[in-house]
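Have a look at the structure below before the remarks.
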Amino acid sequence: MASMSEFKIVAAIDFGTTYSGYAFSSKNDFKHQPPVIKTSSWRTGSGTCDKFMKTPTAVLFDDNKKFHSFGFEAEKKYTNLVLRNKHESWYFFRNFKMRLHQKQTERTRDRLTLDSVLEDERGKPMNAVDVFSNSIQFLKDHLLGVLVEQGMKDKKEAFEQTRWVLTVPAIWTDHAKEFMKKAAIRAGLQEDKFLLALEPEAASLCCSSMHNQSPDGRKIVIPGTLYTVLDMGGGTADIVTHKVRENMSLEEIHAPVGGDWGGMQVNSSFLNLIIKLLGAPILTKFKEEKFCDYLDMMSEFEIKKQFVSLENNDEVVLKVPVSLIKLFEDETKEELSDVIEQSNMRGQLEWTSGRLIVQSELFKSLFSVSIDNVTGKLKELFNENGSRDVSTLLLVGGFSESQVLKKAITDAITDKRIVIPDQPSLAILKGAVIYGHAPLTVKSRVCKYTYGFMAVRSIVNSGRNIPFNRTIQDGNSEVGYFDKLVEIGQTVEVGKNNVTKTYTKVSPDQKSMILMMYTSTSKYPTSVTDDTCSFLGDLTITLPSDPHAEVTVYTIFSDTHLTVKAVEKKTNRNVTAKFDFLK
């Protein structure tokens, strides 16, 4: 098996909330300036559209939970099943990536594990890791097929000569990142041959490597430049600030911030508008009985969301399926036009000739959750010491192509140069390929939390800290002490073993040691029971046979996800050390 350094191709998979795709580049192509990076190509199957660079994040399983299809093909097959009323036993998932974010933000309650389930479009449960791993496996296999078409001997050879990169939002916690890592391994990616790339970080690499020149020939980023990346995806908004070093490597200025303020928030606001008009039961019944029409309605809205500009306060015309209005009027015995006239949306909304006519202010209000949160967070960030000298805001991600969003950000952030690269929805993909070729381009990162192991503290023996799994035999002790490793806001250098601690056996025949790791939003937690603390997971260390063995543990916080290695101190031989955040 090839090592991480022995590869001829880097392939990146961008597993998005709304759309997914991949990109790849050979070592030779990467040497060009700018580097040559090829992206995926998809067809809807309708024969009426040109190629798309990404495919919908939709996956279909049959009644035995066996993978059937992904993307446009999954949508087409499920639509045909619905038309023939044969869909009820199948499992169809759309826009499911955000479920990880929703689960892992409830940090002390609905804990994300490998046993977590997802509900499909009809509410039927299925193991979440199976949904994600099958989706990743499809994208991997599709990419390998393209490599074979372009000259590789076969899929086996292509796989063995490829370094893989999988993108994840920077604001995700270690639980969610670990989940994606486990899903990727189940999809067939070998742990020592793939990397996780943070989405805004990848976009930053793309902009600084490939789009580093404006139309007038000026460099966008040069050594010393401080710039902020705003990655507006379908699910999340990720914000990070980088400083460009003399060798064009990147230094992270603050830990990534953001929230679930992506394009799906606008979709939710649109559906809430429909519910306000027609009622939740009507929409639920419409989705169940006329799912094809529901998909058409949401596809129509997706186009309007991206391309309507509202520059001249124009009204927006939305096609609403006749079947939805008929269902409403049959169930309620009311005319939709009369309901609108009697509502507080009179004058802002009109139903005529099978069209919903929305005035510009009402349509713009559908974006308010995303816009208010993003612009508020940017202004807050630019008032902080580390980001006050930011000169440029890079706007990337699929949702960044929305005309309404672009104008709102431009109006709100008037003292920065706002740069939107060509094809901003592909910036993450291309940047992930660049990261795969040169992961050390990012030289430092900032800790999102304070991390530490739970320990006991000897009261009578100078307060020394001892891992919680040990027994203190020399006096009283304070249990549950937070033994800090790094603190929130601390800068850690990439490629270095950030924190080193040495542990010894409790008894000569001890075979393993379990250390419980906690995170805190405070710089100075004292006990793991503090309100600011949350249990992260266990670190299990396999101990050498030597009854007096000492093990040095290196906990590395500068990678895109938390990693660890351990060695026997006397022999310097590696011993097994693994985190488990998902039990």
Side-chain angles (χ1 to χ4, degrees), residues 100-116 168-181 198 236 252 254-260 384 445-459 462-472 476-492 498-503 513-541 553-564 566 577-583:
L100 293 190
H101 180 75
Q102 291 159 355
K103 276 186 175 292
Q104 55 94 23
T105 49
E106 294 290 332
R107 302 182 63 213
T108 58
R109 288 185 289 172
D110 190 9
R111 188 175 174 84
L112 181 64
T113 74
L114 291 178
D115 295 323
S116 294
V168 293
I171 61 171
W172 273 10
T173 64
D174 296 287
H175 298 100
K177 292 174 186 175
E178 184 71 11
F179 183 94
M180 287 299 284
K181 179 182 172 183
L198 305 181
T236 57
E252 191 174 88
H254 62 80
V257 295
D260 54 348
E384 295 178 358
R445 296 187 174 95
V446 178
C447 296
K448 289 171 60 179
Y449 304 110
T450 297
Y451 289 83
F453 290 126
M454 181 163 72
V456 294
R457 182 164 60 179
S458 172
I459 295 174
S462 304
R464 67 187 176 93
N465 306 333
I466 304 171
F468 185 70
N469 65 315
R470 307 274 183 103
T471 301
I472 291 185
N476 297 322
S477 63
E478 177 186 347
V479 180
Y481 176 73
F482 193 106
D483 187 14
K484 185 166 68 172
L485 301 173
V486 293
E487 65 184 37
I488 188 170
Q490 180 178 333
T491 297
V492 287
N498 301 127
V499 180
T500 303
K501 283 185 176 285
T502 299
Y503 301 102
M513 178 185 300
I514 297 176
L515 304 178
M516 301 174 69
M517 179 169 275
Y518 282 75
T519 62
S520 174
T521 54
S522 167
K523 278 192 174 186
Y524 310 108
T526 56
S527 170
V528 297
T529 59
D530 291 352
D531 290 341
T532 65
C533 296
S534 294
F535 175 63
L536 179 58
D538 292 335
L539 170 62
T540 301
I541 305 166
V553 178
Y554 303 93
T555 311
I556 304 160
F557 296 91
S558 55
D559 286 349
T560 53
H561 61 293
L562 192 60
T563 56
V564 66
K578 288 187 176 181
F579 282 120
D580 185 356
F581 301 149
L582 299 173
K583 69 177 186 178

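Just so you know, residue 1 is the first one in the sequence shown, and it goes up from there.
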How far apart are the closest heavy atoms of V492 and C447, and which atoms are they?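 What the structure gives for the nearest pair is CG1-SG, 3.9 Å.
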Closest approach of S520 to S522 (non-hydrogen atoms, all atoms of both residues):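 Of all heavy-atom pairs spanning S520 and S522, the closest is OG-N, 3.0 Å.
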Mind checking the [atom1]-[atom2] spacing from [X] to [Y]? Nearest 0.5 Å is all I need.
X: F581; Y: T519; atom1: CZ; atom2: OG1; result: 9.5 Å
X: L539; Y: M513; atom1: CG; atom2: CE; result: 9.5 Å
X: E178; Y: F579; atom1: CD; atom2: CZ; result: 9.0 Å
X: T560; Y: W172; atom1: OG1; atom2: CH2; result: 12.5 Å
X: K501; Y: Y554; atom1: NZ; atom2: OH; result: 14.0 Å
X: K523; Y: T532; atom1: NZ; atom2: OG1; result: 13.5 Å

Side chain to side chain contact (heavy atoms under 4.5 Å, CB included) partners of A255, counting only residues at least two apart: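 If we apply the side chain to side chain contact (heavy atoms under 4.5 Å, CB included) test to A255, skipping adjacent residues, the hits are V446, K448.
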The criterion is side chain to side chain contact (heavy atoms under 4.5 Å, CB included); which residues satisfy it with D580, sequence neighbours excluded?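 Side chain to side chain contact (heavy atoms under 4.5 Å, CB included) list for D580, sorted by chain: L582, K583.
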Under 3.5 Å side-chain donor-acceptor pair for T529 and S527: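 Note: T529 and S527 side chains meet the donor-acceptor criterion.
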Under the rule for side-chain hydrogen bond (donor to acceptor under 3.5 Å, both in side chains), what residues qualify as partners of [X], not counting sequence neighbours?
X: H561; value: none
X: E487; value: K484
X: T540; value: none
X: S558; value: N498

Backbone of V168 reached by a side-chain donor or acceptor of K177 within 3.5 Å: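 No, the answer is negative, given that no donor and acceptor are paired below the 3.5 Å cut-off.
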Measure from the side-chain N and O atoms of T450 to the backbone N and O of I488, and report whether any donor-acceptor pair falls under 3.5 Å.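 At least one qualifying donor-acceptor pair exists.
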Do [X] and [Y] have side chains that approach each other closer than 4.5 Å (heavy atoms only, starting at C-beta)?
X: L562; Y: Y451; result: yes
X: M516; Y: V528; result: no
X: Y449; Y: L536; result: no
X: D530; Y: F482; result: no
X: F557; Y: L485; result: yes

